[in-house]
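These notes concern the structure reproduced below.
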Amino acid sequence: MASCVQDQCSSLDDLVAIDVKASELGVFISYTLAWSSSAPSHNLDEEVLRLLSYLRSKYTLENLKNDPVVRAYRDFYWRIGVDPTKTRPSSEALVRRALKGLFPRINPVVDAGNIASAYTMVPIGIYDLAYAKPPFKLVMSRGGEVFKPIGGGEEHLPAGIPILVDSRGLVMHVYPHRDSVETMVRESTSIVLIIGAGVPGVPRNLVRDAVELTAKLLEKVGWNWCRRAATK
């Protein structure tokens, strides 16, 4: 598997594309690949404790919404017709839970993405490449696409929202806040696509840093990665 993934790493820039209409929204992404290379010798407990200490020193539930990155995602939600006071940006919701002492622990791969997202406020999506077929594309929905969200029932999407699809047209993600159960990380997952979701007002280097932080955290639990993130 390692040699196959290394081949994909060498052509990383061609792995994901953004459709012209989606790019007109000002969205951008950073992404990389990671794969399991050895049995985990560590967990992320210390990283979670360090994160919680950092978040409590920087934020309160009252001032979190004033963070400029949080504001940028909230503004984008309004732009795509989502009320961020009812459906909070995923990174903001994650930090709010952490400030209440409820930081979720799912599995090491998901945990790595959540830690990186909480540090940077950048939404991180992680997709099992045993179930998602490259190449991938961020496009605007035509309307009627089937989407099976994690934690919800099957939906048919309206037209005009940004979505991430694989080469078969499978909807992996409704940008930038909902992932599909069909391509989610499982206990058996051994190779993933990591994507950081950027919107207008968020620094491009911050989104790249969030993706690379996710990959570096995965190194602590026996994973390898492409050693760089592509940004588009």
Please report the shortest heavy-atom distance between P108 and V221, naming the atom on each side. CB-CG2, 4.1 Å
Report yes if the side chains of E154 and F147 come closer than 4.5 Å at any heavy-atom pair, otherwise no. no
Fit a plane to each ring of H173 and Y127, take the angle between them on a 0 to 90° scale, and name the class: parallel (under 30°), tilted (30 to 60°) or perpendicular (over 60°). perpendicular
Could you give me the CA-CA distance, side-chain angles and deciding distance for W78 and V82, then say whether side chain to side chain contact (heavy atoms under 4.5 Å, CB included) is met? CA-CA 5 Å; W78 285 119; V82 177; over 6 Å; no
Enclosure of E46 CD (heavy-atom neighbours >12, cutoff 6.0 Å): no
Pair I29-T231, side chain to side chain contact (heavy atoms under 4.5 Å, CB included): steps then yes or no: CA-CA 6 Å; I29 58 172; T231 303; over 6 Å; no
Side chain proximity check, D19 to K137, heavy atoms < 4.5 angstrom: yes
Roughly how far, to the nearest 0.5 Å, is the OG atom of S23 from the NZ atom of K232? 12.0 Å
Salt bridge (Lys or Arg N to Asp or Glu O under 4.0 Å) evaluation trace for D83 with R88: CA-CA 8 Å; D83 183 345; R88 298 187 190 279; over 6 Å; no
Closest approach of K65 and V70, non-hydrogen atoms and distance? CA-CG1, 4.0 Å
Treating S91 as the side-chain partner and M121 as the backbone partner, does any N or O pair qualify as donor plus acceptor under 3.5 Å? yes
Taking the side chain as every heavy atom from C-beta outward, state whether P104 and L94 have any atom pair closer than 4.5 Å. yes
Transitively linked via ILVMFWY side-chain contacts under 4.5 Å: I150 with L102? no
Side-chain donor-acceptor pair present, S190, S36, cut-off under 3.5 Å: no
Audit row: F136, L129, side chain to side chain contact (heavy atoms under 4.5 Å, CB included) steps and yes/no: CA-CA 11 Å; F136 309 102; L129 290 191; 3.5 Å; yes
Solution key, residues 200-215 side-chain donor-acceptor pairs under 3.5 Å, sequence neighbours excluded:
residue, atom, partner, partner atom, Å
T214, OG1, A210, O, 2.9

Between H177 and Y77, is the gap from one ring center to the other below 6.0 Å? yes
Roughly how far, to the nearest 0.5 Å, is CH2 of W223 from OG1 of T189? 6.5 Å
Going from CZ on R96 to CZ on F103, what distance comes out if it is rounded to the nearest 0.5 angstrom? 15.5 Å
Scanning both residues in full, the closest heavy-atom pair of L138 with A22 reads O-CB, 3.7 Å
Between S11 (side chain only) and D14 (backbone N and O only), is there a donor and an acceptor less than 3.5 Å apart? no
Got a second to check how far N224's CG is from L33's CG, nearest 0.5 Å? 11.0 Å
Regarding E155 and R178, does a basic nitrogen lie under 4.0 Å from an acidic carboxylate oxygen? yes
Cluster question for you: counting only ILVMFWY and a side-chain heavy-atom cut-off of under 4.5 Å, with indirect links fine, are L25 and V174 together? no
Determine whether Y175 and F28 fall in the same hydrophobic cluster, where Ile, Leu, Val, Met, Phe, Trp and Tyr are linked whenever their side-chain heavy atoms lie under 4.5 Å apart. yes
At what distance, to the nearest 0.5 angstrom, does CG of L55 lie from CD1 of I115? 10.5 Å
Between the main-chain N or O of L64 and the side-chain N or O of D67, is there a donor-acceptor pair closer than 3.5 Å? no
With respect to E92, which candidate in R74, R71, R97 satisfies the side-chain hydrogen bond (donor to acceptor under 3.5 Å, both in side chains) definition? R74
For the student: nearest non-hydrogen atoms of V181 and R186, plus distance: O-NH2, 3.5 Å
Decide whether L44 and I194 are clustered together by the hydrophobic rule: side chain heavy atoms of Ile, Leu, Val, Met, Phe, Trp, Tyr closer than 4.5 Å, transitively. yes
Quick one: do K100 and L61 satisfy side chain to side chain contact (heavy atoms under 4.5 Å, CB included)? Show the steps, please. CA-CA 9 Å; K100 296 176 182 178; L61 290 171; 4.1 Å; yes
Does the S90 side chain pair with the main chain of P123, one donor and one acceptor, at a distance under 3.5 Å? no
Taking every non-hydrogen atom, the tightest pair across W35 and C9: CZ3-SG, 3.7 Å
Taking the six-membered ring for Trp, are Y59 and Y54 parallel (under 30°), tilted (30 to 60°) or perpendicular (over 60°)? perpendicular
Less than 3.5 Å apart, which donor and acceptor atoms pair up between the side chains of residues 156-168 and the rest of the protein, not counting sequence neighbours?
residue, atom, partner, partner atom, Å
D166, OD1, R168, N, 2.9
D166, OD1, G169, N, 3.2
D166, OD1, L170, N, 3.0
D166, OD2, K133, N, 3.1
D166, OD2, R168, NE, 2.8
D166, OD2, R168, NH2, 2.5
S167, OG, K133, O, 3.1
S167, OG, P134, O, 3.3
R168, NH2, Y131, O, 2.6

Counting only N and O atoms by type, is there a donor-acceptor contact under 3.5 Å from the side chain of D111 to the main-chain atoms of I106? yes
Distance in Å, Y31 OH paired with L15 CG, rounded so as to fall on 0.5 Å steps: 5.5 Å
Scanning both residues in full, the closest heavy-atom pair of A72 with V199 reads O-CG2, 3.9 Å
Closer than 3.5 angstrom, by distance alone: can the side chain of S117 be matched with the main-chain N or O of N114 as a donor-acceptor pair? no
Count I, L, V, M, F, W, Y as connected when their side-chain heavy atoms are under 4.5 Å apart, and connections chain through other members. Are V171 and I195 then in the same cluster? no
Partner of P176 by side-chain contact (heavy atoms from CB on, under 4.5 Å), out of I80, V27, I124: I80
